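Just so you know, ligand 1 is whichever comes first in the structure, and atom 1 is the first atom listed for that ligand. Quick note: numbers below take in every heavy atom, side chains included, and nothing from hydrogens, waters or symmetry partners. Bear in mind that the values here come from a model prediction, so they are computed numbers and not experimental data. We're numbering straight along the sequence, starting at 1.
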Amino acid sequence: MATLGLGDSVARLPGVGPKRVADFRRLGVETIEDLMMLWPRRHLDRTSLTPIYQLQVGTSQTVRGQVVQVHDRSRTSGQSYLTVRLSDGTGFLDLTFFHAAWLKRQLQTGTHLLVSGRVDQFRGRLTMTHPEYELLQADQQPRLGLIPVYPLAGDLKQRFVQDLQARVVPRWAPQTVDPLPPGIRQKESLEDRAWAIVHQHWPSSWEEREASRRRLVFDEFLRMSLAVLWLHQTDPQVGAVALTVDNPLLTRFLGELPFVLTPGQEAAWNEIRADLMRSVPMARLLQGDVGSGKTILAALAMLAAIGSGLQAALMAPTELLAEQHYLLFEQHFAALGVRVILVSGRSKRTEEREMLQSGLPLVAIGTQALLSDDVDFGRLGLVVVDEQHRFGVRQRAQLGDKGLYPHMLVMTATPIPRTLALTVYGDLQVSQIEGLPPGRQPIATVHLAMKDRRQAYLKVMEAVRQGRQAYVICPLVEGGEEGQGKAATLLADGMKQIPGWRIGLIHGKMSAMEKSRVMDEFRRGAIDVLVGTTILEVGVDVPNATVIVIEEADRFGLAQLHQLRGRVGRGSYPSICFLLADATTAQSEERIQAMVESQNGLELAERDLQIRGPGEVLGMRQHGVAGFQLANPLKDLAWLERARQTARQILAADRTLAQEENQGLRQWVVEALREALPGHVLH
Ligand code: ADP
Ligand code: MG
């Protein structure tokens, strides 16, 4: 064991065979270092033993004793529970376990036990319900103090992991290098890293655990902040071009709008406008709930670029939405003499590509394919990203690789809390469109069991009779868009049997032309009910549609459901959203519940984060740039700000982290970026 290093596999540790190696791998643990970073989920307070006669009702305490009686009550009471009477010579304590008849095998008369839990009183007896317990040998000294409780996988046992960590952590923690220069440590009053690692596992008090956590959380944030800022360091020589915001194009466009901007749009536009006038590239996230009118602000920003003689790109998450945007902008901008082109992933129209390359001022609309290698922009002044809050580090790096530092506006209806936004985008400013355009009606949201789906379709019928339109969204099925497309086809075929309904079908496997034909018919009102897949999720804007039925809604994510619901309620008619679902898991039930209770995108985003955790929400792996083990980006905001501040200072003094004392930090950045951007070459 003596020669093992941090990078060696846990397989080299005594007691860790192939089965356990596999179990550990499921927890993300390969090396000894990983094992040390397998942090306890929590600690059990087992700081002292209390004799039974001194137990105080209402407090949490730990008792050592011997089982003197076991009683299986499953038969007598109809309820299944087990009572176990414990004695330590000073008194009796009754332990109750519900639905745990299997415990009988472990907890036999004579067994020595250590139990921790809340002491209660029942009919004059001291009791504990479902205490934490540990079996002891007769002569075994129990481990006291704050006991770590680790995440487990496979056949790993808590006790085994505790013992292993007790051997591994104190031995290898001192080998870790502390990347933090001592000056910073002192300034932030942080503990030494090795100390913090040891005490995260085995603190001797809650205060120690907190001090340790503070250091480790700071490290996680600092590592992430350095990586993100590093990536966004632009060469000071190549700033963005300051735009002429109040140009005649823009003024004309505003003058011809059939409505006035809402105060919320106005406020957000003023913030964007101020950024565009500067030669520092704008990096702004525009949050506004579904239907709040973000597209108009994108149009204004794009006209600022065009009017300044530059190009503007608009990226949408799907081809369908790109096309919708294309049609919309084409219609509005043609009158202004502004050229709009659609750059589709498939189209190899060299003519369009040449126009882009030539630097001609125009608006290019497409999906992320706009960033692909064979698309060159001659004079890109602005990039607008619609409905992709995942757009971030990677894409910024792609643009940077091309030597482009345009102004950037990211728009989303699924806001992510500011802390998370910072982690993904770096120095990102946030604008929020408060409120909705006037006249909007709230969308009633109704959850129906699958067997009651008829009710939803009756409502569809009623709406169609009144001249309104409806969407029906097909369940997500294995096999992605293809399977979902089939389900949609089936459902549409079934519905075509209903007399009087004009049914349309749309899914991702249809050709682009077919799709836009169907959308066009729906928009014109030639289709009453549009059956479709999740390609309808974002952006589609048909104010006459007032009912949306989501089949097997439990299969969709919360953000997705909220977006889908946003397809209705866009005009002045009252709208309704049916979620058809027999909730199958606790999570899906929570999502449906959240949908019924809230229509506020921000609120839902936060609940989503609680339900799923930040890693998944951002679509990043646990260990990615946003992969925090201990830090909670919702709660540790103050520490995030400090770490970012520190990261900024470090990079200001040493842009490339070349100094001797920053080598550990440089290593962190390299690792973080390797995890987040596989294949990306660092400059
Ligand atoms: P989202 O924020 O979801 O992208 P859109 O930009 O698609 O919303 O706008 C939704 C609808 O609201 C569109 O039909 C748009 O024309 C309309 N709209 C936008 N701004 C206003 C406004 N200030 N007054 C009235 N209607 C507006
Ligand atoms: Mg939109």
Exercise. So, Thr445 versus Arg565: side-chain donor-acceptor pair below 3.5 Å or not?
Worked result: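 The answer is yes; a qualifying pair exists.
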Exercise. Can a donor-acceptor pair be found between the side chains of Glu597 and Gln593 at a distance below 3.5 Å?
Worked result: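 Indeed, the side chains of Glu597 and Gln593 share at least one donor-acceptor pair under 3.5 Å.
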Problem set entry | For atom 4 (O) of ligand 1, the option (of Thr295, Leu261, Val290) bearing the nearest heavy atom |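 Looking at heavy atoms only, the winner is Thr295.
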For this session: Look at the side chain of Gln311 and the backbone N and O of Leu356, then say whether any donor-acceptor pair between them is shorter than 3.5 Å.
Result: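 Judged by distance alone, yes, a pair lies under 3.5 Å.
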Exercise. Got a sec: does the CZ of Phe333 have more than 12 other heavy atoms crowding it under 6.0 Å?
Worked result: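 Enclosed: over 12 neighbouring heavy atoms sit under 6.0 Å from CZ of Phe333.
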For this session: Please check if atom CZ in Arg502 has more than 12 non-hydrogen atoms from other residues, nucleotides or ligands closer than 6.0 Å.
Result: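 More than 12 heavy atoms, drawn from other residues, nucleotides or ligands, come within 6.0 Å of this atom.
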Exercise. Which of the numbered atoms in ligand 1 are below 4.0 angstrom from a heavy atom of Arg570?
Worked result: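 Those of ligand 1 that fall under 4.0 Å from Arg570 are 3 (O), 5 (P), 7 (O), 8 (O), 10 (C).
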For this session: Would you mind listing which atoms of ligand 1 come within a distance below 4.0 Å of any non-hydrogen atom of Thr262?
Result: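 Result: 23 (N).
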Exercise. Does Gly291, backbone or side chain, put an N or O under 3.5 Å from an N or O of ligand 1?
Worked result: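 Yes; the residue has a nitrogen or oxygen that sits under 3.5 Å from a nitrogen or oxygen of the ligand.
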Problem set entry | Gly293 N/O to ligand 1 N/O under 3.5 Å |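 Looking only at distances, the answer is yes, because the N/O contact criterion of under 3.5 Å is met.
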Exercise. With backbone taken as N, CA, C and O and side chain as the heavy atoms from C-beta onward, which portion of Ile433 lies under 4.0 Å from ligand 1: side chain, backbone, both, or neither?
Worked result: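 The answer is neither.
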Exercise. Just heavy atoms, cut-off under 4.0 Å: does Met411 contact ligand 1 by side chain, backbone, both, or neither?
Worked result: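 Answer for Met411: neither.
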Exercise. Should the pair His332 and Phe253 be assigned to parallel (<30°), tilted (30 to 60°) or perpendicular (>60°) ring geometry?
Worked result: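 Taking Phe253 first and then His332, their aromatic rings stand perpendicular (interplane angle over 60°).
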With a cutoff of 4.0 Å, is [X] in contact with ligand 1, counting heavy atoms of the residue only?
{"X": "Ser292", "answer": "yes"}
{"X": "Arg440", "answer": "yes"}
{"X": "Val260", "answer": "yes"}

Exercise. Is there side-chain contact between Met224 and Leu640, with at least one heavy-atom pair below 4.5 Å?
Worked result: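 SC-SC contact between Met224 and Leu640 confirmed.
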